[in-house]
Asker: 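First the structure, then my questions, so here it is.
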Amino acid sequence: MEASWLAERIGDPSARGIAAALTALIREGTVTAQTRLPTVRGLARELGVSSGTVAEAWAELRKHGMIRTERRRGTVVLGPPDVPRPIRYERIGHFGDRLAIDLAIASPDAALLPPLEAALVAAAGADGLNDYTRETITPRLRAAVEPEWPFTARGWLAVGGGYEGVQLLCQTTALPGDRIAIEEPTAARLLDILETIGVQIIPVACDQDGPVPAALARALRARPVAFVYQPRGQSPCGHAVTPERSAELAALLERSATLIVEDDGIGELSVSPMVSLGTRFPDRTVLVRSYSKSHGPDLRIAVIGGAAEAVERVRVLRSFGTGWTSRILQDALAHLLGDAEVRERVRHAGEVYAARRARLAAELAARGVPTGGSDGLVLWVPVRDEPAALVTLAAHGISVAPGSRYVVEPASRHHLRLATARLTDDPDELAALADVITLAATGGPVVSASP
C-alpha cells in the first residue's frame, strides 16, 4: 500500500482518526488481509504529523488484532477488529486426549473447599436484598474482613474476583501509554491485563524474598503510575516478601507518587504472614484479596481495601456495568469468614496444599531439579528446553503451563509452571510423576531418586 493512497483517505490525522479510518477500510474490505501497510515514517510524512502519532494509531489497531508487525514484511493487515484476548492465559497447544494429569491450572481441590449451603441460606436474608441501591461492600462483609486487614483502609469495595480487582485498579489509574511496574515472572493474566489496557510494562526482577530492590529502583526511574506485586504466595515463583525486603522496597517508594497495588491471590491459604506496604503508605496502597481459592471459585469474590481515591475510581467505573457485587454472595462469604468450623477447614486446606507442594519440590530436588519458593499453589521448574519439555510431558499424559507465558519478553532460561494444589497424596505415584518431570526438565534419564 502506498502511503499517499492511505493518506488521501484519512480525514482526521490524529492517532484516533488514523486508526478509525484504517479500521473502516478493513471492515468494508477495501484493505484486505495480508496487505502490507506503509512505514510509520512514510505515512507520517504524507500526513504532516509526527511518527509517534502514527505509531500510536498502529498500537491501537494491533491491540484489536487488526495488524501485526513482522520483521521482514513490516506491518501487515490481519483482518477486521477482534475482541482483545488473554492470549497468555488461554491454553496453547492440543496434545490429544491422553492428558490424564492436569498441572496447568492452579485451581483449588474441591474436596478441601468449605460447603456453601448454610452460608447461602444465611445470606438469603441479606439486608437490602433486591434493592437497586449500589452496595460497595455489605456491612457484614466489611465487619468480617476489616479486623484481619494489614493496614487501615479508607476505601472498601467487593468485586468479582482478584483479577477483576487488579484490572479495574490498573484501568482506572493508567492511561494508554503510561507505565506500570510489575514483578517478573508474574501471573500470566496480570500481563494480559496490562497489555490489553495499553500500558508500557516495566518488569521488576524478583528473588526468593520478593521484588529485588535494585530492579525496583531502575523501574521507578521510568516514573510508573503503579507498581503491582504479590506479597505472598507469588505465582509462579512461590516466594513471600519478608519484613526486611518490604522495608527496602518502602525506602525506594518513599520518594515516588506511584500507586502500590498488592495482589493477595491465595489469601488465607498462604503459609506466610502478610507483609504489606500499606502500613507505610496507606494513602496510596490498595490490597486486593481474593477468596476464590480459599472459600470457593463460584463465590466470585475479592475485596479491595486501601487508598480511598483509588478505590473510588474503581467504584465509579463499575457503575457503568455491574454496579455492585451480589449482596447474597457478599454475605455468604461473611458467614463463612465468621464460622469457626470453616476457619479450621481453610487452615487445614492451607496445610495440605503446602505439604503437597513441598513433597513434589523435595522429590524434584532429590533428582537434581531445583524449584525454590516456599508458598503458593505452584512450582517454578527450570528446564533445558521449554517446547521439548512440554511435548515430553504431554506424551506421558501430563499438561503443564509453559514458563514463557509468565514473562514480558522471552527469557534466556526456560521454565515450566506446575500447579500443585491437586497433586496425588500417594508417595509412589508422586515419585513416578517426579521421574517424568525430571526427564522433561533435563532431557535425560533420572540421575538419582528419593527413597
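The figures that follow rest on heavy atoms only: side chains count, while hydrogens, waters and symmetry mates do not.
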Asker: Scan side-chain atoms only and decide if His348 and Glu344 contain a donor-acceptor pair under the 3.5 Å cut-off.
Answerer: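 The criterion, which ignores hydrogens and geometry beyond distance, is not satisfied for Glu344 and His348.
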
Asker: Please, which pairs that meet side chain to side chain donor-acceptor pair (under 3.5 Å) have at least one residue in residues 203-226, sequence neighbours excluded?
Answerer: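 Checked against side chain to side chain donor-acceptor pair (under 3.5 Å) - neighbours excluded - the pairs reaching residues 203-226 are Asp207-Arg245.
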
Asker: According to the salt bridge (Lys or Arg N to Asp or Glu O under 4.0 Å) rule, which pairs have a member within residues 316-333, sequence neighbours left out?
Answerer: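 For residues 316-333, and leaving out neighbouring residues, the salt bridge (Lys or Arg N to Asp or Glu O under 4.0 Å) pairs sorted by first residue read Glu135-Arg327, Arg140-Asp331, Glu164-Arg318.
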
Asker: Answer yes or no: are there more than 12 heavy-atom neighbours, outside Asp426 itself, under 6.0 Å from its atom CG?
Answerer: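 Yes.
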
Asker: As a test of understanding, state which of Ile398, Leu423, Leu103 forms a side chain to side chain contact (heavy atoms under 4.5 Å, CB included) with Leu418.
Answerer: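 That would be Leu103.
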
Asker: Answer yes or no: are there more than 12 heavy-atom neighbours, outside Glu148 itself, under 6.0 Å from its atom CD?
Answerer: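 No, not enclosed.
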
Asker: Take a 6.0 Å sphere around CD of Glu386 and say whether it holds more than 12 heavy atoms from other residues, nucleotides or ligands.
Answerer: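 Buried by this count: over 12 neighbours within 6.0 Å.
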
Asker: Please enumerate all residues that pass side chain to side chain contact (heavy atoms under 4.5 Å, CB included) together with Pro150, with sequence neighbours excluded.
Answerer: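 Applying side chain to side chain contact (heavy atoms under 4.5 Å, CB included) to Pro150 gives Met274, Ser276, Leu287, Arg289.
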
Asker: Excluding sequence neighbours, so at least two apart, what forms side chain to side chain contact (heavy atoms under 4.5 Å, CB included) with Leu317?
Answerer: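 With neighbours one apart ignored, the set is Leu168, Gln171, Thr172, Phe320.
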
Asker: Tell me the salt bridge (Lys or Arg N to Asp or Glu O under 4.0 Å) pairs involving residues 226-243, sequence neighbours left out?
Answerer: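 For residues 226-243: Arg232-Asp264.
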
Asker: Can we say Asp425 and Arg359 salt-bridge, meaning some charged N sits less than 4.0 Å from an Asp/Glu carboxylate O?
Answerer: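 Yes.
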
Asker: Can you tell me if Glu341 has over 12 outside heavy atoms packed within less than 6.0 Å of its CD?
Answerer: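 No, CD of Glu341 has 12 or fewer neighbouring heavy atoms, counting only those of other groups under 6.0 Å.
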
Asker: With sequence neighbours left out, write down each residue that passes side chain to side chain contact (heavy atoms under 4.5 Å, CB included) with Ser374, or none if nothing qualifies.
Answerer: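 With sequence neighbours excluded, Ser374 shows a side chain to side chain contact (heavy atoms under 4.5 Å, CB included) to no residue whatsoever.
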
Asker: Donor-acceptor check, side chain of Arg189 to backbone of Tyr163, threshold 3.5 angstrom: yes or no?
Answerer: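 It does not hold such a pair.
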
Asker: Check for a donor-acceptor pair, side chain of Gln330 on one end and backbone N or O of Arg142 on the other, with a separation under 3.5 Å.
Answerer: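 Pair absent, no side-chain N/O of Gln330 close to backbone of Arg142.
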
Asker: Once salt bridge (charged side-chain N to carboxylate O under 4.0 Å, His left out) is applied, do any residues pair with Glu254, and if so which ones, sequence neighbours excluded?
Answerer: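 Once residues adjacent in sequence are excluded, the partners of Glu254 under the salt bridge (charged side-chain N to carboxylate O under 4.0 Å, His left out) criterion are Arg280.
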
Asker: Using the side chain to side chain donor-acceptor pair (under 3.5 Å) rule, collect all pairs that involve residues 106-127, keeping only residues at least two apart or in two chains.
Answerer: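 Listed by first then second residue: Ser107-Arg422, Asp109-Arg356.
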
Asker: Please identify each residue that fulfils side chain to side chain donor-acceptor pair (under 3.5 Å) with Arg345, with sequence neighbours left out.
Answerer: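 Once residues adjacent in sequence are excluded, Arg345 has no partner under the side chain to side chain donor-acceptor pair (under 3.5 Å) criterion.
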
Asker: Distance-only, no hydrogens or angles: does the Ser246 side chain make a donor-acceptor pair with backbone N or O of Pro243 under 3.5 Å?
Answerer: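 No, Ser246 side chain to Pro243 backbone: no donor-acceptor pair under 3.5 Å.
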
Asker: Test of understanding: with salt bridge (charged side-chain N to carboxylate O under 4.0 Å, His left out), list the residues that count as partners of Glu268, not counting sequence neighbours.
Answerer: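 Salt bridge (charged side-chain N to carboxylate O under 4.0 Å, His left out) list for Glu268, sorted by chain: empty.
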
Asker: Looking at Leu329, is its backbone amide N or carbonyl O close enough to the side chain of Arg300 to form a donor-acceptor pair, meaning the two atoms are under 3.5 Å apart?
Answerer: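 It does not hold such a pair.
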
Asker: Taking Pro224's backbone N and O only, do any of them form a donor-acceptor pair with Thr258's side chain (distance below 3.5 Å, no angle check)?
Answerer: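 Such a contact is found between Thr258 side chain and Pro224 backbone.
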
Asker: For Glu312, what residues pass the salt bridge (charged side-chain N to carboxylate O under 4.0 Å, His left out) criterion, not counting sequence neighbours?
Answerer: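 With sequence neighbours excluded, Glu312 shows a salt bridge (charged side-chain N to carboxylate O under 4.0 Å, His left out) to Arg315, given in chain and number order.
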
Asker: Just to verify, what does Pro370 make a side chain to side chain contact (heavy atoms under 4.5 Å, CB included) with, not counting sequence neighbours?
Answerer: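 Scan of Pro370 (side chain to side chain contact (heavy atoms under 4.5 Å, CB included), adjacent residues dropped) gives Pro382.
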
